[in-house]
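One structure is given below, encoded as structure tokens.
Computation of the quantities below employed the complete heavy-atom set of this structure, encompassing side-chain atoms and omitting hydrogens, waters and symmetry-equivalent molecules.
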Amino acid sequence: MSIYVFVYGTLRTGEINDLAQAAARRGLPEAHWVGPATVPGMLVDFGSWPGLIPVDDGRRVRGDVYRVDPALIALMDEIEEYVPGQACCFVRRETIARLDSPLNGARDVHCQYYPIDPSLRALAVDIPADDWIAYRQSRPATKGT
């Protein structure tokens, strides 16, 4: 059984926690890229990594959808330092991602993803962009990033 996941930050291809590379290093089943997508939300900048805050005001965050073996969920939980039932920066939730191109005739896919606990928003800076990678590449370099 496969699970779809939406990744928007460091788990994206080429980023420091690239999901496909992390799976390969652990000898876990390959993450299959489905395509670019968006989910409702806004981004915040913690310096070296982003957070996503779900919103219902029309804003959307860009990322990628992958089809993964359930074994990769535990790896993603570890990377995001998410422990079910404990207070964590990231929380694993379900959302509906809207694919840029349909998958089997459908654009909407139920996915797992990792928004942040909204109570931590004050620790970050709001990002006026919808894509972490484009934002990170265009911002002036700062110490620690």
Side-chain angles (χ1 to χ4, degrees), residues 1-26 28-104 106-139 142 144-145:
M1 178 180 118
S2 293
I3 297 171
Y4 291 100
V5 296
F6 175 83
V7 297
Y8 60 90
T10 66
L11 290 166
R12 290 174 74 184
T13 300
E15 294 297 295
I16 60 173
N17 292 317
D18 182 309
L19 180 57
Q21 290 180 13
R25 280 193 301 273
R26 292 282 181 92
L28 294 172
E30 183 179 349
H32 298 278
W33 185 76
V34 173
T38 62
V39 299
M42 62 171 282
L43 291 171
V44 293
D45 184 351
F46 284 95
S48 298
W49 46 273
L52 185 153
I53 299 172
V55 297
D56 60 4
D57 61 5
R59 287 181 286 177
R60 299 189 69 83
V61 171
R62 287 207 134 296
D64 296 291
V65 171
Y66 285 87
R67 183 173 39 85
V68 302
D69 183 276
L72 271 99
I73 297 297
L75 173 61
M76 293 171 66
D77 284 356
E78 181 183 323
I79 290 169
E80 301 296 8
E81 300 177 359
Y82 168 72
V83 179
Q86 292 186 13
C88 304
C89 179
F90 288 98
V91 293
R92 181 169 25 95
R93 298 287 185 262
E94 186 171 300
T95 191
I96 297 175
R98 182 176 305 141
L99 294 164
D100 289 0
S101 298
L103 173 66
N104 301 324
R107 280 195 185 266
D108 293 341
V109 178
H110 289 267
C111 295
Q112 296 291 307
Y113 79 135
Y114 293 84
I116 64 162
D117 177 337
S119 70
L120 300 175
R121 179 179 182 172
L123 301 175
V125 176
D126 289 0
I127 295 175
D130 65 353
D131 186 315
W132 165 253
I133 294 173
Y135 166 79
R136 182 184 54 72
Q137 291 173 342
S138 69
R139 71 181 176 181
T142 59
T145 59

Of the options Ile96, Val65, Thr95, which is the one that meets Val39 in a side chain to side chain contact (heavy atoms under 4.5 Å, CB included)? Thr95
Measuring from Leu43:CG to Arg136:CZ, what's the distance to the nearest 0.5 Å? 12.5 Å
In Å and rounded to the nearest 0.5 Å, what is the CG to CZ distance from Asp56 to Arg59? 10.0 Å
Quick check: do Tyr66 and Leu11 have side-chain heavy atoms less than 4.5 Å from each other? no
What heavy-atom pair brings Ser101 and Arg107 nearest, and what distance separates the two atoms? N-NH1, 3.6 Å
Parallel, tilted or perpendicular: which one describes the rings of Tyr135 and Trp132, with boundaries at 30° and 60°? tilted
Using modelled atom types and a 3.5 Å cut-off, is there a donor and acceptor pairing between side-chain atoms of Arg60 and backbone atoms of Thr38? yes
Taken to the nearest 0.5 Å, the spacing of Leu28 CG from Met76 CE works out to 12.0 Å
Can you see which heavy atom on Ala97 is nearest to which on Phe6, and at what distance? CB-CD1, 4.2 Å
For the CH2 atom of Trp33 and the CZ atom of Arg12, what is their distance to the nearest 0.5 Å? 10.0 Å
Search all heavy atoms of Ile79 against all heavy atoms of Ala22 and return the closest pair with its distance. CD1-CB, 3.9 Å
Of the options Leu75, Leu19, Val7, which is the one that meets Val68 in a side chain to side chain contact (heavy atoms under 4.5 Å, CB included)? Leu19
Quick one: which of Leu99, Val109, Asp64, Val5 gives a side chain to side chain contact (heavy atoms under 4.5 Å, CB included) with Val34? Leu99
Is there side-chain contact between Cys88 and Glu81, with at least one heavy-atom pair below 4.5 Å? no
Using every non-hydrogen atom in the two residues, find where Leu72 and Ala23 come nearest and quote the distance to one decimal. CD2-CB, 3.5 Å
Side chain to side chain contact (heavy atoms under 4.5 Å, CB included) evaluation trace for Val44 with Ile53: CA-CA 8 Å; Val44 293; Ile53 299 172; 3.8 Å; yes
So Phe90 and Trp49, would you call those rings parallel, tilted or perpendicular, with 30° and 60° as cut-offs? tilted
The test is salt bridge (charged side-chain N to carboxylate O under 4.0 Å, His left out); show your working for Arg121 and Asp126 and say whether it passes. CA-CA 8 Å; Arg121 179 179 182 172; Asp126 289 0; 2.9 Å; yes
Heavy-atom pair of closest approach, residues Gly9 and Glu15: O-CG, 3.5 Å
Should the heavy atoms of other residues, nucleotides or ligands under 6.0 Å from NE2 of His110 be counted, would the total exceed 12? no
Below 4.5 Å, heavy atoms only, C-beta onward: do Thr10 and Pro50 meet side chain to side chain? yes
Mind checking whether Pro115 and Arg93 have side chains closer than 4.5 Å, heavy atoms only? yes
Nearest heavy atoms of Gln21 and Asp18, plus distance in Å: N-OD1, 3.0 Å
Asp77-Tyr114 side chain donor-acceptor pair, cut-off 3.5 Å: yes
Can a salt bridge be assigned to the pair Arg62 and Asp100 using a cut-off of 4.0 Å between side-chain N and carboxylate O? yes
